[in-house]
Number of protein chains: 2
Amino acid sequence: MAQSWQDIHKEALRRIHSREWAPDTLIPNEADLAEEFGCSRATVNRALRALAEAGWLERRRKAGTRVARAPQRRAQLAIPLLREEIEARGQRFAHRILSRSRSKMPSPLRAALGLSDDAPVERVQTLYLADGHPFALEDRWVHLSAAPGFETAELEKTSPNEWLVQHAPFSHGTLDYSAAPAGDFEAEQLGCAPGTALLCMQRSTFGPGDHAATLVTTHFAPNHRVRLEI
Amino acid sequence: MAQSWQDIHKEALRRIHSREWAPDTLIPNEADLAEEFGCSRATVNRALRALAEAGWLERRRKAGTRVARAPQRRAQLAIPLLREEIEARGQRFAHRILSRSRSKMPSPLRAALGLSDDAPVERVQTLYLADGHPFALEDRWVHLSAAPGFETAELEKTSPNEWLVQHAPFSHGTLDYSAAPAGDFEAEQLGCAPGTALLCMQRSTFGPGDHAATLVTTHFAPNHRVRLEI
DNA sequence: GACTCAATTATGTCTATACATAAAGTTATT
DNA sequence: AATAACTTTATGTATAGACATAATTGAGTC
């Protein structure tokens with residue numbers, strides 16, 4: 001026999017695609033499959049677990065394993081580090097700090113992050129350039145107690161985007177994409193007409209202890225696309 | 001002792017967050033960690049493998065395991081089934097077929113999917129409604145040999161979106177998001193002014209054998225957002 | 001029928017052991 | 001020096017066996 005878990009993974013996926021194992025029906029249990037494939041139960045387990053993580057199967061103790069009704073495929077997006085995104089296109093990366101201040105955060109934003117009134121917050125606006133052309137405009141609020149050292153960081157050398165990834169790894173957060181018309185400021189900085197449809201990304205990240213780290217709004221230059229792999 | 005792989009997973013993540021294990025440095029090997037935690041190497045392996053899959057660690061045979069320099073966090077998007085997205089908001093789902101024809105596919109699109117000239121293709125335009133209000137406008141091209149039975153499917157009952165998920169599960173594809181101004185047709189159907197910034201999703205899916213299944217362009221009503229979890 | 005409690009069962013996980021494999025390091029050969 | 005061949009090493013994977021755990025099933029009771 002000599003089966004590897006990847007062989008079993010492949011064969012199981014084939015049966016799902018060919019509807020030999022139909023959606024919403026139970027498949028044989030691990031012990032039976034192990035016997036059929038001539039391998040140990042652990043090997044079958046490894047293969048089926050991978051399929052469950054990918055959304056093809058649903059598994060529950062005692063209840064058994066069934067093919068997902070509508071396979072909840074998950075698209076994956078590698079979180080964009082702007083420098084890498086630009087350099088991957090073979091373009092030259094650069095950034096320009098437009099403003100940096102310890103200003104007061106508007107209440108609605110503060111509430112969204114669950115920050116108290118007196119939480120020390122710094123705001124940084126940055127323009128990112130690809131081959132000298134505007135690529136994205138970033139408006140970032142950083143909660144200073146979650147990112148010690150940020151206040152004195154030399155952001156002209158290391159962009160805020162990179163500084164934070166390297167110094168304040170976060171554990172979870174959300175990413176929202178929407179479309180928005182360019183305001184006067186965005187139009188001026190990105191070099192487009194006011195009202196142009198721009199892809200807008202809003203991202204909030206939290207550190208280990210559920211305390212907010214940053215809130216970022218990024219407007220991309222016109223015609224930008226985000227690609228997710230399925 | 002009595003460690004489970006989840007305990008080790010948690011402890012390793014703590015060391016990464018606390019920089020006890022610094023970015024871009026090697027961590028002890030599995031055998032040593034197994035001894036430290038008082039468990040078997042397989043258990044350590046399970047924990048470290050999970051961390052590697054999540055992007056925190058990079059592992060290579062013989063070279064060992066190192067903490068990722070810039071943890072490539074991956075955001076996950078549960079692929080949107082429009083009905084579920086609308087009903088999850090507590091709104092009533094409905095759809096209206098606007099047009100359906102076996103028209104010829106423009107060459108640029110056909111080339112993008114790698115389809116031959118005479119490949120049988122059907123085009124369906126659908127408007128999706130939430131509580132009677134326009135929610136999204138879908139323009140879909142379906143490669144008929146990849147979706148047998150689609151031609152005769154009663155799309156008034158089951159929306160194209162759902163029909164295809166249930167009858168032609170795909171194995172991989174891409175998802176592109178961008179911002180686009182509403183054209184006259186989109187404006188009319190979605191009930192907004194021409195030129196309004198709309199979030200636009202373009203999705204191509206492929207079946208098991210690399211042959212294209214569908215190409216979908218969806219314009220969402222104004223102010224729509226897509227949320228990804230990190 | 002409605003409820004409680006125990007028996008059953010499929011998945012989840014841990015262990016010890018073994019061998020496979022990739023890649024780095026070392027030595028021998030040209 | 002460059003190259004080839006061997007050794008070493010850390011991860012990758014397979015196995016049999018055991019026990020843990022969640023959830024269904026069914027028996028017994030009210």
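The backbone N or O of A:Leu155 lies less than 3.5 Å from no partner atom in the side chain of A:Thr158, so there is not a single donor-acceptor pair.
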Are any protein N/O atoms closer than 3.5 Å to N/O atoms in nucleotides 3-7 of chain D? If there are, list each pair with its distance.
none

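B:Glu151 and B:Arg123 are not joined by a salt bridge, as no carboxylate oxygen comes within less than 4.0 angstrom of a charged side-chain nitrogen.
Partners of B:Gln202 under the side chain to side chain donor-acceptor pair (under 3.5 Å) rule, at least two apart in sequence or in another chain, are B:Thr217. Listed by chain and residue number, B:Asp24 satisfy the salt bridge (charged side-chain N to carboxylate O under 4.0 Å, His left out) test with B:Arg66 (two or more places apart in sequence, or in another chain). Annotation: salt bridge (charged side-chain N to carboxylate O under 4.0 Å, His left out) contacts of A:Glu11 (sequence neighbours excluded): A:Arg14, A:Arg15. Listed by chain and number, the residues in a side chain to side chain donor-acceptor pair (under 3.5 Å) with B:Thr218 amount to none (sequence neighbours excluded). Annotation: ring-ring contact (aromatic ring centres under 6.0 Å, His included) contacts of B:Trp21 (sequence neighbours excluded): none. With sequence neighbours excluded, no residue forms a side chain to side chain donor-acceptor pair (under 3.5 Å) with B:Asn161. For the side chain to side chain donor-acceptor pair (under 3.5 Å) test, residues two or more places apart in sequence or in another chain that qualify with B:Arg110 are B:Asp117.
Closest to the side chain of B:Ser4, out of D:dT15, C:dT13, D:dT11, is C:dT13. When distances run from any side-chain atom of A:Trp5 to the nucleotides C:dC14, D:dT13, D:dT11, the shortest one goes to D:dT13. You'll find that the side chain of A:Asn45 is closest to C:dG12, out of D:dA14, C:dG12, D:dG12. The side chain of A:Asn29 has C:dA10 as its nearest neighbour among C:dA10, C:dT13, D:dT15.
Contacts classified as salt bridge (charged side-chain N to carboxylate O under 4.0 Å, His left out) and involving residues 37-56 of chain A (residues at least two apart or in different chains) are given here: A:Glu30-A:Arg41. For the salt bridge (charged side-chain N to carboxylate O under 4.0 Å, His left out) condition, the pairs that include at least one residue of residues 159-179 of chain A, sequence neighbours left out, are A:Arg83-A:Glu162, A:Asp176-B:Arg225, A:Asp176-B:Arg227.
Rounded to an integer number of Å, the gap from B:Asp7 CG to C:dT13 P is 12 Å. The distance from atom CZ of A:Arg49 to atom C1' of C:dT13 is 9 Å, rounded to the nearest whole Å.
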Letter by letter from the 5' end, nucleotides 20-28 of chain C scores (B base, S sugar-phosphate only, - none; protein heavy atoms under 4.0 Å) -BBBS----

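Nucleic acid contact for A:Gln6: sugar-phosphate only, since backbone atoms but no base atoms lie under 4.0 Å from a heavy atom of the residue.
OP1 or OP2 of D:dA10 has not a single side-chain nitrogen or oxygen of B:Thr65 nearer than 4.0 Å. Contact annotation: B:Arg46 side-chain N/O to C:dC14 OP1/OP2 distance is not under 4.0 Å. OP1 or OP2 of C:dT15 sits under 4.0 Å from a side-chain N or O of B:Thr43.
Of the residues near DNA chain D, A:Ala42 and B:Gly64, the one whose nearest nucleotide (by heavy atom distance) lies more toward the 5' end is B:Gly64.
A donor-acceptor contact under 3.5 Å is formed by the side chain of B:Arg41 with the base of D:dG12.
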Per-residue pairing states of DNA chain C in dot-bracket (Watson-Crick or G-U under 3.5 Å; . unpaired, | other strand) read ||||||||||||||||||||||||||||||

